[in-house]
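Quick notes on the structure that follows.
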Protein chains: 2
Amino acid sequence: MQRCIKCNSVDGVIKSGFLRGKQRFFCKLCDFYFILENENTRLPQKTNQTTILDVAKHLGIAASTVSRALNGKSDISPFTRKAVQQAAIDLDYKPNLLAQSLNKGKTNTIGVVIPNVELPFFATALASMQQVAINTGYRIMVCHSSECEAIEKLNIETLISCRVDGLLVSHSKETTSFEHIKRVIAKNIPIVHFDRVCNEITTPKVIHEDFKGSFELVEHLILQGCKKIGVMLGPEKFYISQIRLEGYKAALQKYNIPIIEEYIYYSDMNKYDGAKAFEYFINLPAPPDGVFSILSRNAIEMMVEAKKRHIKIPEEMAFVGFGDDTLCELFEPSLTVFNHFPSKVGEAAINLLIENIKNKNSLIPAVLSIQGELIIRDSSRVKTGVNSWSVGQKFTE
Amino acid sequence: MQRCIKCNSVDGVIKSGFLRGKQRFFCKLCDFYFILENENTRLPQKTNQTTILDVAKHLGIAASTVSRALNGKSDISPFTRKAVQQAAIDLDYKPNLLAQSLNKGKTNTIGVVIPNVELPFFATALASMQQVAINTGYRIMVCHSSECEAIEKLNIETLISCRVDGLLVSHSKETTSFEHIKRVIAKNIPIVHFDRVCNEITTPKVIHEDFKGSFELVEHLILQGCKKIGVMLGPEKFYISQIRLEGYKAALQKYNIPIIEEYIYYSDMNKYDGAKAFEYFINLPAPPDGVFSILSRNAIEMMVEAKKRHIKIPEEMAFVGFGDDTLCELFEPSLTVFNHFPSKVGEAAINLLIENIKNKNSLIPAVLSIQGELIIRDSSRVKTGVNSWSVGQKFTE
DNA sequence: ATGAAAGCGCTAACAA
DNA sequence: TTGTTAGCGCTTTCAT
């Protein structure tokens with residue numbers, strides 16, 4: 001069986017005890033003891049988890065029978081099935097999803113790419129996706145681009161390599177090229193954009209009312225009596241900045257208020273950028289009397305600065321922001337926001353994706369828009385009765 | 001070639017056009033047309049992504065050569081390597097990680113189980129884990145237990161089935177049985193607990209100073225002059241509740257303040273539970289003059305209620321909470337907290353796990369404790385000069 | 001009702 | 001330097 005490593009003959013070799021846990025051999029022909037140094041170099045790094053074959057051997061049956069028993073196939077005797085199920089529990093057998101997926105050609109896993117979980121919008125959307133996934137038998141693999149285009153591209157490659165069945169993508173704030181998305185589409189992998197969508201490519205999308213929400217927030221400021229309205233945006237090339245700016249402009253135009261470039265402030269949307277924005281606005285020759293921020297967190301940071309300078313909110317300066325969360329509700333004064341229902345967005349996105357995974361061929365590039373809601377709070381509500389005519393009024397776009 | 005499905009002979013069968021896109025056959029012997037209904041039922045559902053074999057065929061070489069070229073092995077001619085790399089780009093080849101992992105017996109993936117991403121602590125810890133993972137060549141698969149023990153168990157099974165190389169686990173608030181963790185250990189799969197650890201089993205853990213933090217927060221309240229200190233905990237069986245309660249008790253004992261059961265309030269740690277807790281405390285015969293909450297969010301909710309009733313903070317009632325975040329900083333009055341550095345916890349946990357994955361055999365059950373920091377803010381700082389002796393004072397445990 | 005064998009895509013040992 | 005082959009764990013024909 002074993003060839004002598006010295007004389008290369010096979011006949012004189014016999015086993016001869018163990019050395020350092022390894023089999024030792026002795027060649028009678030050349031009178032030579034040896035062990036195989038590279039023996040077992042591959043096997044030990046393999047996983048030592050129970051396989052279907054272990055279960056089969058344990059019962060003295062074939063692997064395919066075990067597979068059938070465990071997967072609820074019909075052509076199997078009840079007795080065998082019971083025995084297999086019990087053995088699986090006894091041996092703590094867990095199917096290897098890698099092998100299963102490789103064989104089946106699908107993973108039942110959905111890849112999610114988000115810019116940053118620390119933004120409450122994404123944390124909430126993610127949680128609702130998880131909820132749907134668990135109820136529909138899908139798993140979720142989440143990647144964070146950390147607002148970086150290069151990492152976003154890597155993330156998508158990773159998920160493709162993991163052979164996820166579909167992709168849920170919300171772009172980083174700096175993403176401007178969409179070649180990586182086009183490649184996904186070329187591979188016929190279902191993809192659904194949500195929130196930070198890509199307007200260059202026709203994909204199924206779930207968005208919220210960016211235009212309408214901005215419009216309503218700004219209109220609300222106008223109706224509260226604001227004449228000079230500032231807006232704090234994200235990066236200039238960022239799609240969300242652009243569309244929310246359009247809503248802002250449309251509202252001003254409706255009321256014949258001139259659009260002044262100075263009142264438009266672009267930022268990186270980082271934490272604490274609100275303070276910088278406030279600094280900018282307050283040092284203008286004619287500071288605004290109302291400010292709309294596309295990130296409500298930044299609006300709150302501005303209010304913090306305003307309070308430090310004893311500026312009265314909302315009388316001297318009113319604030320509104322896009323997106324609701326705990327902070328907006330509990331901060332004082334509480335912030336008027338347009339709530340865009342992150343959990344509904346997440347839910348709709350994953351449902352749309354699952355539909356598309358199931359009918360890969362008849363994929364319809366639907367665009368779902370989740371209805372939002374204006375929540376008027378103290379940061380903009382004029383408390384004197386005089387202006388109460390504006391509250392509760394219904395506007396059409 | 002094709003056997004007649006009627007007379008079962010093979011000689012008289014010829015091809016005879018197509019029907020519904022499928023090959024039609026005609027048997028001359030029994031004069032019978034037929035098609036194979038179940039033809040091609042398996043192949044079309046396979047993925048249609050480029051494989052290593054496609055690349056190999058495209059160049060007229062062997063698959064193993066492609067593998068070598070792409071994986072930077074040395075024994076390959078530079079010319080071949082270039083050609084392969086180019087072909088891989090042209091065909092947009094992405095390696096199938098399922099196959100790769102199955103073959104290698106490892107996935108380079110770490111499974112993370114957290115109760116809820118919407119808690120800022122976990123969002124931040126997760127983000128920092130991602131950061132480390134991306135720098136060390138690991139992927140992360142996140143599962144949310146939604147604070148539910150049953151889902152937590154499912155999550156772990158899923159991750160085991162995905163054959164993750166290791167597990168980072170923070171238990172749900174209702175988890176009381178740890179059999180699922182014992183099974184993981186029996187399988188010799190590296191695991192590291194963080195934050196909500198399990199004290200019944202010896203596993204590597206990353207914790208923060210739950211005892212010391214609670215002690216310091218409560219001691220701080222005492223030094224500010226509070227005599228009757230309430231504490232808002234999570235569920236009674238929840239480990240974190242217990243240990244933080246111990247810190248609370250130890251501080252009271254140090255200053256010879258009696259421990260009164262009425263001042264200990266257990267909750268579900270849900271959003272808005274702070275209001276209920278406040279309701280409870282304020283209706284006591286002798287309401288506390290200082291409250292410590294193990295979740296800072298709930299402390300803020302209590303302050304909201306206190307403000308509604310025009311209770312002066314901190315003069316009439318002071319508040320402190322465990323864990324810092326934006327809300328604590330920006331709320332007015334800002335909340336005194338013990339910052340437990342979520343990102344450091346996440347970072348330490350994943351680093352410890354990666355170490356354990358790399359030396360599976362010499363796994364040391366280290367317990368890392370991340371040092372925290374008391375941040376004194378307006379919710380507890382007595383503003384009059386009289387009590388200023390207490391601020392900045394150093395305490396030892 | 002059950003077993004044997006092929007194959008999912010990849011890598012590594014072995015040959016050439 | 002390259003090709004051939006076996007095998008990772010599983011499911012699914014096909015044969016019995």
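Sequence lines set the chain letters: A, B, ... in the order given, protein chains first and strands last, and positions in each chain run from 1.
Nearest nucleotide to the side chain of B:L102, out of D:dC10, D:dC8, D:dT13: D:dC8.
Rounded to 10°, the angle separating the first-five-pair axis and the last-five-pair axis of the helix from C:dA1-D:dT16 to C:dA16-D:dT1 equals 50°.
Side-chain N/O atoms of B:S64 and base N/O atoms of D:dT4 include a donor-acceptor pair closer than 3.5 Å. For a distance-only test at 3.5 Å, the side chain of B:R163 fails to qualify as a donor-acceptor partner of the base of D:dG9.
In this entry the distance linking CD1 of A:I52 with P of D:dG9 reads 11 Å, nearest Å. The distance from atom CZ of B:F79 to atom P of D:dT1 is 14 Å, rounded to the nearest whole Å. Protein atom NZ of B:K82 is 17 Å distant from nucleotide atom C1' of D:dT1, rounded to whole Å.
Looking at heavy-atom distances under 4.0 Å, B:I61 makes contact with sugar-phosphate atoms alone, never a base. Residue B:S101 is out of contact with every strand shown, counting any heavy-atom pair closer than 4.0 Å.
A heavy atom closer than 4.0 Å to some atom of DNA chain C occurs in no member of residues 84-95 of chain A.
Comment: B:R183 does not engage B:E179 in a salt bridge, judged by the lack of any side-chain N to carboxylate O separation of less than 4.0 angstrom.
For A:T65, a side-chain nitrogen or oxygen approaches OP1 or OP2 of C:dG3 to under 4.0 Å.
Within the 4.5 Å cutoff, the side chain of A:N96 has no heavy atoms near those of the A:T51 side chain.
The environment of NE2 in A:H58 is sparse: at most 12 heavy-atom neighbours from other residues, nucleotides or ligands sit within 6.0 Å.
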